[in-house]
Amino acid sequence: MTIRRALLALLLCLPACGERSPTTFLSREKLMDPMSCAECHAEHYKDWSGSMHAYAAEDPVFLAMNQRGQRETGGKLGDFCVKCHAPLAVAAGLTKDGLNLGSVPKHLKGVTCYFCHNIASVEGAHNNPLVVANDTTIRGPLADPVNNTAHASAYSPLHDRDEADSASLCGSCHDIVTPKGAFIERSFDEWHRSVFSMIKGATCGQCHMPQSRDLRPIAKAPGVFARRYHGHQFAGVDVALTPFPETEAQRGSIQSFLENSTQTALCVLSRGTNAGVRVIIDAVGVGHSLPSGSSQDRRLWTEVIAYKDGQVLYRSGVLPPSGKITEADADAWILRDRMLDDAGKEVHMFWEAACYESQTLPAQTTFDTRNPDFFKTHKVQSFPRGDFTKTFAGVPDRVTLRLRMQPIGRDVLDDLVASGDLDPAVRDAMPIHDLVIGHQALPTGETKALTTLEWTPTLGTDPVVGFPYSEQGIPVTCVTQSNLNKSAEKYAPEITTSCPARP
């Protein structure tokens, strides 16, 4: 081998991050492939590879809904779904309806590195109004990016989680209005209405892209110095239901993400030989409603069980054998949206939705305790359901509470299985998250996350005020493992609707 050929071979083997000729960047085509990003940003890539952004075009529930929607609308659904789940494939003209995603190159599926970091502007508030620059400049939150030979770099407030503008980049893809005009996903709108939109830095990225405490080099390239690292797992409640990278890490990030989302209290009133249970929930750690996103598919509910001498006196919200919480007892407190068609009938498929009804936990609107709205997020529900004087027979010696969530309800999944669009194995893989509803101090000084809150006569606090019946001399004792003010003003759950009044 000649010296010239040997030098050429050596140059071809050098990594992409720093040793390429400084006069050339990676091509746009190369930058569109997440594997190119992985060469320098291995940790970012690892996070993203197990995220729902990476899974977006692989998700069998998305594929099933899109397939059914295209069939039932005669193709009129078009790119409604796929322009969010595989935006680069749509932009490249490789798919018009998402039915051929199996033949689309992998690097153009999902919500990719290039798609997010090449966004130049946001031209709307819902249904993916993002404008991609289609150049070789990677936009990010750094005002002092290190020069490199892989790509040009530019600061963008849209990519800076400390700037309010960044919420529009995330949120405008997570607010969805159906072809019939139903505003079925409202995370961005809910955030706008919350106190978090009024605080600098309280953006989508502040919660869903956690910042490291330590400083570390965030790229493998010459001249890179230590900075704070921002996670790219984008934890929420949805999970990969088929074999996919980083599955265990994804589940762990979701559980951690849900740890500080709610505060709860469990109260018991005694009235002679009868008793009643009251549950208080406040979604204090969420910058939007809970549940949010596709709330029409989500199922969040309370499981309440009262015991006496080991025997069940009363229970509500226990999952029935069908796996459908919507078929549980009449008292079950289920927090979710309902989509309705033009005739006012509940539907599971979004293309049929003309409006919605919602009963979810609202986001905080003020941090001012003097403001009457401060405690409006304290939602109280009675068991048995009805007015606050309702009771069941027997006085319990133990009551338990769990707050449970299924990312997509079994009733929705069964609907897709019945139509032949979803494999039953996928339906059966859908998990149920038990939300952390408090923390217990341990002798070691550490705390233990609790997914079950338990009341007993000895654990219950002194009688509290703030309930209508406490003024009638009916003893009420409560327990909580959070900072929830049990005695504060509380409100019954509200139902909001976008549907017209019907005769």
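Because only heavy atoms are used, hydrogens play no part in the values below, and waters and symmetry mates are left out as well, while side chains stay in. Computed from a predicted model, the values in this text were never measured in an experiment.
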| said: Set out, in order, the CA-CA distance, both residues' side-chain angles and the distance that settles side chain to side chain donor-acceptor pair (under 3.5 Å) for Tyr55 and Asp59, then state yes or no. | reply: CA-CA 6 Å; Tyr55 194 62; Asp59 184 355; 4.7 Å; no
| said: What verdict does the salt bridge (charged side-chain N to carboxylate O under 4.0 Å, His left out) test give for Asp282 and Lys376, after you've listed the backbone C-alpha separation in whole Å, the side-chain angles of each residue and the deciding distance to 0.1 Å? | reply: CA-CA 9 Å; Asp282 194 336; Lys376 283 191 175 179; over 6 Å; no
| task | Decide yes or no on side-chain contact (heavy atoms from CB on, under 4.5 Å) for His348 and Asp411, but give the supporting numbers first. | result | CA-CA 8 Å; His348 289 150; Asp411 50 324; 3.4 Å; yes
| Derivation and outcome, side-chain contact (heavy atoms from CB on, under 4.5 Å), residues Thr262 and Val284 | CA-CA 6 Å; Thr262 60; Val284 291; over 6 Å; no
| field | Pair Glu246-Ser49, side chain to side chain donor-acceptor pair (under 3.5 Å): steps then yes or no | value | CA-CA 7 Å; Glu246 301 298 311; Ser49 71; 5.0 Å; no
Solution key, residues 97-105 side-chain donor-acceptor pairs under 3.5 Å, sequence neighbours excluded:
| from | atom 1 | to | atom 2 | distance (Å) |
| --- | --- | --- | --- | --- |
| Asp97 | OD1 | Leu99 | N | 3.0 |
| Asn100 | OD1 | Thr95 | OG1 | 2.6 |
| Asn100 | ND2 | Leu94 | O | 2.9 |
| Ser103 | OG | Asn100 | O | 2.9 |

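Between the side chain of His232 and the main chain of Trp48, no donor-acceptor pair closer than 3.5 Å is present. Distance alone, capped at 3.5 Å, places no donor-acceptor pair between the His230 side chain and the Met209 backbone. The main-chain N or O of Gln255 is never found under 3.5 Å from a side-chain atom of His433 such that the two would form a donor-acceptor pair. Panel note: side chain Gln250, backbone Gly50; a donor-acceptor pair is recorded below 3.5 Å. Not a single donor-acceptor pair under 3.5 Å links the side chain of Trp191 to the backbone N or O of Ala363. A donor-acceptor pair under 3.5 Å is absent between the side-chain atoms of His41 and the main chain of Ser36, judged by distance alone. Here the side chain of Asp175 pairs a donor or acceptor atom with the backbone of Ser187 at under 3.5 angstrom. Not one N or O on the side chain of Asp79 forms a donor-acceptor pair closer than 3.5 Å with the backbone of Val90. Counting only distance, with no hydrogens or angles, the side chain of Ser292 and the backbone of His288 share no donor-acceptor pair below 3.5 Å. Side-chain atoms of Thr203 never come within 3.5 Å of backbone atoms of Asp162 as a donor-acceptor pair (strictly under, hydrogens ignored).
Across every non-hydrogen atom of Phe350 and Cys81, the tightest pair is CZ-SG, 3.4 Å. Nearest heavy-atom pair across Val146 and Pro222 is CG1-O, 3.9 Å.
Atom NZ of Lys46 has 12 or fewer heavy atoms from other residues, nucleotides or ligands within 6.0 Å. Within 6.0 Å of CG on Asp144 lie more than 12 heavy atoms contributed by other residues, nucleotides or ligands. Heavy atoms from other residues, nucleotides or ligands lying under 6.0 Å from CG of Asn371 number more than 12. Surrounding CZ of Arg227 are more than 12 heavy atoms belonging to other residues, nucleotides or ligands, all under 6.0 Å away. Counted within 6.0 Å of CD on Glu494, heavy atoms from surrounding residues, nucleotides or ligands total 12 or fewer; the atom is thus considered open.
Remark: Arg404 engages Asp434 in a salt bridge, criterion side-chain N to carboxylate O under 4.0 Å. Salt-bridge formation is detected for the pair Asp342/Lys180: a Lys NZ or Arg NE/NH1/NH2 atom is positioned less than 4.0 Å from an Asp or Glu carboxylate oxygen. Under the 4.0 Å criterion applied to side-chain N and carboxylate O atoms, Glu259 and Lys448 are not assigned as salt-bridge partners. With respect to the salt-bridge test (charged N to carboxylate O, under 4.0 angstrom), the residues Glu43 and Arg216 qualify. Look at Arg71 and Asp421 and you find a salt bridge, because one of the NZ, NE, NH1 or NH2 atoms lies within 4.0 Å of a carboxylate O, short of that distance. In this structure, Arg427 pairs ionically with Asp414, as a charged nitrogen and a carboxylate oxygen lie closer than 4.0 Å. Salt bridge status for Arg298 with Asp337: absent, with no side-chain N to carboxylate O gap under 4.0 Å. Taking a cutoff of 4.0 Å between a charged side-chain nitrogen and a carboxylate oxygen, Arg410 and Asp428 qualify as a salt bridge. Ion pairing of Asp135 with Arg139 is present here, as a side-chain N (NZ or NE/NH1/NH2) and a carboxylate O approach within less than 4.0 Å.
Side-chain contact check for Val132 versus Phe115: some heavy-atom pair is nearer than 4.5 Å. Within the 4.5 Å cutoff, no side-chain heavy atoms of Met405 are placed close to those of Trp301. With contacts defined as side-chain heavy-atom distances shorter than 4.5 Å, the pair Thr360/Arg336 does not qualify. Counting only heavy atoms from C-beta outward, the side chains of His85 and Lys109 never approach each other to under 4.5 Å.
Taking the centre and axis of the six-membered ring of Phe188, the NZ or CZ atom of Arg193 falls outside the cone set by 45° and 6.0 Å.
Atom SG of residue Cys40 and atom CG of residue Asn148 lie 7.0 Å apart, to the nearest 0.5 angstrom. To the nearest 0.5 Å, atoms CD (Glu185) and OG1 (Thr178) are separated by 11.0 Å.
Between His53 and Phe234, the ring center distance clears the sub-6.0 Å criterion. Checked against the 6.0 Å centroid threshold, Tyr229 and His44 count as a close aromatic pair.
For a disulfide, the SG atoms of both cysteines must be under 2.5 angstrom apart; this holds for Cys355 and Cys499.
Between Asp160 and Ser166, the side chains place no donor N or O within less than 3.5 Å of an acceptor N or O (distance only, hydrogens not considered).
Classification of the Phe196-Phe367 ring pair by plane angle, with boundaries at 30° and 60°, yields perpendicular. Phe375 and His378 have perpendicular rings, their planes meeting at more than 60° on a 0 to 90° scale where under 30° would count as parallel.
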